[in-house]
Each structure stands twice: as structure tokens, then as C-alpha cells.
There are 2 protein chains.
Amino acid sequence: MKIRDIARLSGVSVATVSRVLNHPQMVREETKRKVLEVIERLGYEPNVVARSLRTRKTGNLGMVISVESGSIFESPYFGLLMKGLTTIAEKHGYHLIFSTCHLSDVSAYKSLFKKSLVDGFVVVDVLDFDPRIALLKKEEIPFVIVGRPMSNVEYIYADSDNEGGTYRATRYLIEKGHKRLALINGPKRMSVSRHRFEGFKKAHKDFRRSIEPSLVFEGKFTEEDGYRLTKMALEKNVDAILYSGDVMAFGGIKALRNAGLEPGRDISIIGFDDVPASKLLELSSVRQPVENIGKKAAELLIKMIEGERVHSKVFPTELIIRKSVRGGENESPQKELDNDFARR
Amino acid sequence: MKIRDIARLSGVSVATVSRVLNHPQMVREETKRKVLEVIERLGYEPNVVARSLRTRKTGNLGMVISVESGSIFESPYFGLLMKGLTTIAEKHGYHLIFSTCHLSDVSAYKSLFKKSLVDGFVVVDVLDFDPRIALLKKEEIPFVIVGRPMSNVEYIYADSDNEGGTYRATRYLIEKGHKRLALINGPKRMSVSRHRFEGFKKAHKDFRRSIEPSLVFEGKFTEEDGYRLTKMALEKNVDAILYSGDVMAFGGIKALRNAGLEPGRDISIIGFDDVPASKLLELSSVRQPVENIGKKAAELLIKMIEGERVHSKVFPTELIIRKSVRGGENESPQKELDNDFARR
DNA sequence: CTGAAAGCGCTTACAG
DNA sequence: CTGAAAGCGCTTACAG
């Protein structure tokens, strides 16, 4: 079943069938009706490969995940981002295509593009001065970053307000009377870690407090590192810990309970991401609208591919206070749950 | 940069360049060396779109997610499945392509295949007598199912032993002296729910117990439904609850605590999936090797596409007992955590 | 408004 | 072992 069959059966040329599909306004009403009737009847669908070869557009958005940061697959963050991306891609007739690479192996991007597999990329898990950004820019490959790395080149991004979110969380802890705040942050090279550190710093500055460098820790966004670094933080006599991810905070909760400390009673903690399990664990957290960020990223990338001018966007975060903070609102989780259900 | 450029620069025909790439054994050593040198030097990569058009193979594996079961995006199950699929696809030079559909909207599959976007499908979230299976079979589209639905046609699948997993969990609860067991199961139409129910039934039968139908509940795999159905179960005076998913169990824990019941002390519960948060919540669970199932599914599909004969596979599950069961092993979670870390 | 024809970048059957 | 040529299924500039 190909365009020639449709042409033959509707008594027109293949050019006309193609126009009915791609530029219907160029075709006389009656011809169009005739052709569409045949297309409908035979359930014809144009071969996108042939179309791609002609138009030099693939209709695919690429996403490359480093296998080393493999844990991103397991985080709810990933699923929600995917959901947002797919929803919008679909709406515009695009598809999401997946690949993995090693570390910031720049060649995977170039290769996918040169092979004509994708029209552009959504870049995640980004480092400051990420070599991928330089490459994509140099090769003039369309891309949108989820995040805001330092860079020598201009780029388009969709990001949440990591600095603001951490600022508010830090400020909240200070206002509730905490004296020795630790920050258990993500890998230093990642731009998201820098932003969160900036927020932490700014809040301290606004309250004329100085940051004790030994209270700022760095690790992977894993339960393991949350556990390990919390143990280290406890040796420094902290009374509050800010985690750069709920998963890290989960590991932290274990370390705390191990040490006989109950979050919200003996020590205060706040996470980041507000993953579903946090509600159950009564963990306070900074919520970011991941699905919407994914939607925005897809929208920006598609517009960029289609030659429109686009503008980056930052999404606000929301501080969710639960029992894990001493002197916090102490909303009971079941109440929150019931409210949640009532709202739906 | 195209094959013609390589041909010109190496002083051979495009046919020869193509052979170097696709059938190197057909080319004389010296010619091959010459051509490869040029390819290397210019960083040439063949256009896969043109190749696809010629070979009628796309190199893409399709996965269609129903937007209604949108929550699959948020579950760790999804990420791990993706990870397994991508790993193997990559290894064989394939890519994963994504799409969404409404309910079991069969046409999305047909369309993606007819448009020549994918060579075959991984089908998830499958119902008994799923119309998608009938369609894919009828259209002779290669596909592998993650799950084992009832069906009038033969198919290839990769699945975990859901029946066995539930059987062991049920049996464990019975052996620990529980009398009134509730099963909070997933949607009845889904094949996975049927398998889990069968395991529940079989364990009762082996202990010459009868199942009280009013103790078997059905709902979505969500925290909300876990919460709601647990409330209903409590009215029936149960002393143990088996959940068909940890996320449901999380909702259940809330409902139990709401009623002043602590899992492992006043009532026993076991979940399914063993998601990361379960360890922290001391929730017992049936673990399935999702990433390996994904790997197997990709492997089967690729072999099938390439014309090999393949065999379905069932993966064993593992019962993980934590504090949530009365009389269970009562492993302390921090011990488990430390062991975990030690192993890495 | 419509058609004939060229061409997108490959692969492979055929001939030598 | 290698080359010339046909053809995969489309789209679009050109001509009418």
C-alpha cells in the first residue's frame, strides 16, 4: 500500500495525493474529497521513512541517558519527565527516541544526528561547562537543556527554580530557630548542585550567618550517599539537614534512626523533589513541577526545530512542610492524604 | 557527507563503500582498508533513513503507553523496564521509540508499523484477551509481551512468576498463623491480577482453606486505591493483607495507621515489586527482576525481527520479609541497609 | 489546480 | 572482487 496505489485508485497523480496530505489548500475540493475517500477506505498511512529521506526531517526527539547515572531510570523524576515530553511530542506528531551513552560521551549525540535519527535533543543531567553543550552548539544541532549549566555559549532551557527552592527551605529552617544547618548536596560538577548551593548560601547571607564549609557535603543522588553523608554530618553536631533529593533524604532517615534520632523531634530535615513516598515518610520537601518542565522542554525543542524563536523558562518550586521539621506545621499525613483524595 | 563522497575520495564505487559497511567479507582487504581510512578520517556515518527505505527495516523497537494508565510513568517499574530494554536494544544497534495511546487503542500500533516507524513492539500493561494481541498477530507485526494474558493466539512473552510469588507470600502468612487474609489486587481485567489471584487461591487450597470472596478487592495500582480498599478490608476484620503492588501498600499503611494499627504488630502486610522505598518503610514485598525482564523482552523481540526462533521466559520472584509481618524474621532495616552497602 | 520528473542516500541483484 | 544501474516511497520545483 503506497502513494501510487492511492493515486491510481483515485485517478490522480502521486503528486496530487501527496499534496492532499501535505498542502490540502493547494488542491481542488472535489479532487481532495475523492482522494481522501480512497485513503480512508484503504487505511493508507504514508511511509515516514520515505518522507524523511525527502524532507530531511525525522520527526524524532532524542534523549540520551548516561549509563553511569543509571539511577535516573529508577527515579520518579525520569518517569515524569518522560511523560511530559511524550505528551507534547505526540501532540505535534513527534516521537521520543532513546539512547544511552557513557558519561558525557559527546559522540553519541553527534552520531544520532548525523545518522539522521533525530531532529534535536533534550539534554538532561547536565554539568557546568558540559562538553555536550559546546558540541551541539558547534554542530548546530537543535537542543533544549533541562537545567541551567554555566556555559560559554547561549542555549535554551527549561528548569525549575532550584536556587529559590533551596533558599526558601533554608530560610524556613533558620526561621524555625535552627542553628547548625548541613547541606547534603548532589555532585559538585552538576549545575543543579551549584544552584542549590547558591540558594543555601543566599539564605545564610540574608540572615547574616556564615556557612561552615565542613557542613556542606557532596555525593551522588542515592540512598547510599544520603546514608553515608548523614553519618558524617551527625559528627558535626548539626540540628538540621537539607538534602538535595528525597532519595538521599531516605538514606539520611535511616542513618538518623540508627543514631536514635527521630526527624521532626530530635533533628529537622527537608528533601528535594517531593517524590510520592515522601508524603508517607512525613518528609518535608521542595516540590518541582517535573512533568510541566518536560512539556515545556518538548515544546521549546519542537518550535526550535521548526524554526520558531523560543524563550527559556524557569518554573517555581513549592516548599512542602511535613513532620520532619521541628516546629513545622505538623500537618498529619493522613489529613494531607484525605485532602488529596477529596481534591481529585 | 554521503556515501558518494566516501566513494569518490577512496577511488571506488558507492557499491563498494556500502559493501565495506554491510558485507566486509565481500571486499578485498586492501580496498577495505582504503575505504575505512577515508570513512574514519571524515567521520562518515551512513544515513539510517536512506538505509531503512532500502532495507525496509527501521532499527526501532516500539513501546506504546496508554495515557489512562499514566501512572506507569511514575512507577519505578517503568524506569527499570526501560533501562533493561534500552541496554539490550543499544547493544544490537536498535533504538527505543515511544508513543502514547488511549486505552487499548489498537490503531496506534498498526499506525506506527505501517508508517514504518518501528520493526516491532514490546507490549506492556496487558489485559486478558487484549485486542492488541489479536491485531498484532493478524497483521503479522512482531511483538513480545511483558506479561502472560489469556489469548486465542500464540505469542512470545517475558514475565515474572506472579502466581508463584503470590503463592509464597500467601503461604508465608498462613504459616505464620494468620487466619483472615485479604488480597488487595489490581484491576481484574489485567492478566497480572489474574495470576496473582491464582497464587492466592492455590495457597489457600494447599492449606485446605477456602477463600472468602468478600476479602478479595480490586482496584488500580495507586496509593489512593490502596488506602480506600484497606479501609474496606478493615471492616471485615482481617489479620493480614496482601497487596498487588507496593504503591498500593503505601496507601494501605496510611489507612492502617489511621485506624491505630501498626503493620507487623497489629496486622501483617506484604506488598509486591519491592520498590526502593519499601525497605525504608519496612514493608515486606515480593521482588521481581524487572530490569532483566526488560532485557529479555528486548532480546526476544530483536531475534524475532531478525527471523530467529525464540522461546518465552518466566522469571522467578523473591519474597523479602521485613517488619511488616507479625512473627516474620524481623530483620532490622539498618542491618539490611548496611549489608546492602557492604555488598556494593 | 494538476502532472511528469528529478532526487533524497542508501543497498543489492546482475553482469563482468 | 567490483561497478553501473535500478529502486525503496515519498515531496516539490517546474511547467503547463
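Within every chain, numbering begins at 1; the chains are lettered A, B, ... in the order of the sequence lines, protein sequences first and strands thereafter.
The nearest whole Å value for the distance from the CZ atom in R8(B) to the P atom in dT2(D) is 20 Å. The separation between N22(A) atom CG and dG9(D) atom P is 17 Å, rounded to whole Å. The separation between R56(B) atom CZ and dG9(C) atom P is 19 Å, rounded to whole Å. The NE2 atom of H23(B) sits 15 Å away from the P atom of dC10(C) (whole-angstrom rounding). Regarding Q25(A), its CD atom lies at a distance of 9 Å from the P atom of dC1(C), rounded to whole Å. The NZ atom of K2(B) sits 11 Å away from the P atom of dG7(C) (whole-angstrom rounding). Atom-to-atom, CD1 of I3(B) to C1' of dA4(D) comes out at 14 Å; the value is rounded to the nearest Å. K57(B) has its NZ atom 22 Å from the P atom of dG9(C), to the nearest Å.
If you check dG7(C), dG9(C), dA4(C) against the side chain of A15(A), the one that comes closest is dA4(C). Nearest nucleotide to the side chain of L53(B), out of dG9(D), dG7(C), dT11(C): dG9(D). For R28(A), counting side-chain heavy atoms from C-beta on, the closest listed nucleotide (dT2(C), dG9(C), dC10(D)) is dT2(C).
Between K32(B) and T16(B), every side-chain heavy-atom pair lies at or beyond the 4.5 Å cut-off. Using a 4.5 Å heavy-atom threshold, the side chains of P142(A) and L301(A) count as touching.
The pair D5(A)-R8(A) meets the salt-bridge criterion, since a charged nitrogen lies less than 4.0 angstrom from a carboxylate oxygen. Using a cut-off of 4.0 Å between Lys/Arg side-chain N and Asp/Glu carboxylate O, E299(B) and K295(B) are scored as not salt-bridged.
The separation of dT12(C) from dG16(C), taken at their C1' atoms, amounts to 16 Å, rounded to a whole angstrom.
For the pair K115(B) and F113(B), the cation-pi criterion (under 6.0 Å, within 45° of the ring axis) is not fulfilled.
A distance of 6.0 Å or more separates the ring centres of Y155(B) and F143(B).
Taking 4.0 angstrom as the limit, R51(A) places none of its side-chain polar atoms (N or O) nearer than this to OP1 or OP2 of dG9(D). Look at T55(B) and you won't find any side-chain N or O under 4.0 angstrom from OP1 or OP2 of dT11(C). Between dT2(D) and T31(B), a contact under 4.0 Å exists linking OP1 or OP2 to a side-chain N or O. An OP1 or OP2 oxygen of dC10(D) is reached within less than 4.0 angstrom by a side-chain nitrogen or oxygen of Y44(A).
Nearest-nucleotide positions on DNA chain D place K32(B) closer to the 5' end than the other of R4(A) and K32(B).
In this structure dG3(D) sits in a base pair with dC14(C), meeting the Watson-Crick or G-U test at under 3.5 Å.
Residue-to-nucleotide contacts include a donor-acceptor pair under 3.5 Å from the side chain of R19(B) to the base of dG3(D).
Nucleic acid contact for S18(A): base, since at least one base atom lies under 4.0 Å from a heavy atom of the residue. Across all strands, V49(A) comes closer than 4.0 Å to no nucleic acid atom at all (heavy-atom distances).
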